[in-house]
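Here's the structure, in structure tokens; my notes come after.
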Amino acid sequence: MKLGKKLLSLGIIASLVVGVTACSTPAADDSKKSEVVNLTFARGKDVNGSTTKLIEAFEKSHPNIKVHFKEMPADSGQNHDQLVTMLSSKSSEIDVIDLDVIWPAEFGQAGYLQPLDRYIQSDNIPMDKYVQGAVEAGNVNGQQYAMPRFIDAGLLFYRTDLVKNPPKTWDELLAQAKQLKGQGGTQFGYLMQAKQYEGLVCNFIEFAGSYGGRILDSKGNVVVNSPQTIKGLKKMMEIAQSDVVPKNISTFTEVESHTAFIQGQSPFIRNWPYQYSLAEDKKQSKIVGKVGVAPLPAGDQGSAATLGGWMSGISKYSKHKKEAWEFLKFITGPEGQKISAQYGSTPTYLPAFDDKDVQKSNPLYANKNFIEGISKAIPRPVSPVYPEISDAMQIELSKAIVGQQTAEVTVKNIETKLKAILKQ
Ligand code: GLC
């Protein structure tokens with residue numbers, strides 16, 4: 001339970017709470033017990049087959065419920081926009097929805113999600129056994145709109161057959177990447193996510209954070225225009241514009257970068273924890289048994305990781321809320337989290353870490369570097385207008401990455417736009 005306790009005590013992610021008002025009660029169930037109810041579960045691209053496994057296990061124990069997997073785009077922003085289009089037109093197409101940790105504030109306020117409190121109470125769900133920051137990410141003004149599924153934090157993965165000592169700083173990373181590029185069949189030195197999308201914001205927060213820069217302070221004030229953030233962005237630009245990354249790095253999301261990594265094309269990659277299991281997947285990976293993990297390289301203020309992860313909620317417009325809750329309870333509960341963990345999704349249900357099979361499936365869960373990486377994670381701004389904040393940042397950061405604008409102008413523009421969005 002060591003790791004569990006450490007995660008439980010994470011104060012950092014406690015700041016994911018947001019205050020928004022919404023109020024409703026679960027709608028009456030419109031299905032009869034004997035009939036088969038068809039549910040639709042929307043979640044992002046299933047890179048390793050874990051969703052199919054979850055659904056199979058659920059259907060086995062719930063023969064009256066069939067779950068259709070609606071695969072959403074891998075890109076979190078595109079996934080978000082498609083969901084908003086469906087939900088804002090009150091479509092009942094989806095019953096259970098996977099939500100990026102940055103969405104519940106917005107979706108809760110918009111009235112897209114069914115409050116879960118009554119279900120949680122009547123089924124005695126032990127909310128105190130979940131990572132508290134993740135529980136709070138799904139809690140909007142005292143109402144629980146989403147249950148935590150898994151937690152993410154940016155990490156550095158490296159090839160143990162090529163890298164002797166993983167780099168401790170960004171400069172060491174750049175030096176090693178230059179030296180190793182071309183060795184052992186590699187074509188690149190480093191892989192990151194630099195497309196104009198949510199992952200770019202995550203990579204930026206890590207660079208800025210490693211030099212002490214933040215977007216908002218603890219009171220929500222825009223503090224992005226600082227010498228620290230500029231330093232971090234300059235390092236990010238230096239790496240993204242260097243010849244250690246693919247020439248088209250500004251088109252890379254997680255999928256492009258993890259694919260190149262498991263093909264054996266790079267000694268280093270920045271990615272989320274699932275990268276480990278994917279690299280160990282014999283069906284897809286050419287680098288099985290050759291992957292190590294370390295905290296992301298440090299700037300002059302240490303190493304910083306962005307906090308990510310996914311929650312699950314029930315659409316307010318679902319016609320099968322009772323069955324949707326059964327599925328949601330399963331995927332976020334002990335059995336579901338155990339299955340997901342075996343595919344590299346870090347549990348938010350803490351007792352899962354005590355499970356022998358979970359421990360065996362991924363050495364990360366007992367690895368102090370992993371715990372270190374997760375425990376330093378920086379949350380993104382929590383706000384019902386987060387998509388606007390993120391879009392403004394993506395546009396400006398993207399210009400910097402491709403060399404169209406300096407770091408100074410970039411953070412100044414982000415400051416102006418964020419202050420306007422947040423009315424400061
Ligand atoms: C991962 C994270 C999520 C983040 C996304 C960015 O899926 O869990 O929080 O927004 O990556 O690409």
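In each ligand, atom 1 is the first atom listed, and ligand 1 is the first ligand listed.
Near Gly199, meaning under 4.0 Å from any of its heavy atoms, are these atoms of ligand 1: 6 (C), 12 (O). Atom numbering of ligand 1 starts at 1 in the shown order; those under 4.0 Å from a heavy atom of Glu198 are 6 (C), 10 (O). Atoms of ligand 1 found under 4.0 Å from any heavy atom of Gly308 (numbered from 1 in listed order, with element): 8 (O), 9 (O).
For atom 7 (O) of ligand 1, the nearest non-hydrogen atom of the protein is Trp310 NE1, 2.9 Å. The protein atom (non-hydrogen) at minimum distance from atom 12 (O) of ligand 1 is Glu254 OE2, 2.6 Å. The single protein non-hydrogen atom nearest to atom 1 (C) of ligand 1 is Trp272 NE1, 3.3 Å, given as residue, atom name and distance. Looking at atom 2 (C) of ligand 1, its nearest protein heavy atom turns out to be Asp152 OD2, 3.4 Å. With hydrogens left out, the protein atom closest to atom 10 (O) of ligand 1 is Asp100 OD2, 2.5 Å, a heavy atom.
For Trp272 and Trp310, the distance between ring centers is not under 6.0 angstrom. Aromatic rings from Trp170 and Phe207 are positioned such that their centres are separated by under 6.0 Å.
With no hydrogens or angles considered, no side-chain donor-acceptor pair links His62 and Glu323 at under 3.5 Å. Thr410 and Glu396 share no side-chain donor-acceptor pair at under 3.5 Å. With 3.5 Å as the limit, one finds a donor-acceptor pair spanning the side chains of Ser390 and Gln394. Counting only N and O atoms by type, the side chains of Asp117 and Gln144 include no donor and acceptor under 3.5 Å apart.
The closest approach between Tyr197 and ligand 1 falls below 4.0 Å for a heavy atom of the residue. Ligand 1 lies less than 4.0 angstrom from a heavy atom belonging to Arg380.
Any N or O atom pair closer than 3.5 Å counts here, and Gly309 shares at least one such pair with ligand 1.
For NZ of Lys338, the number of neighbouring non-hydrogen atoms (other residues, nucleotides, ligands) closer than 6.0 Å is greater than 12.
Taking the six-membered ring where tryptophan is involved, the planes of Phe268 and Tyr158 are tilted, since the angle between them lies from 30° to 60°.
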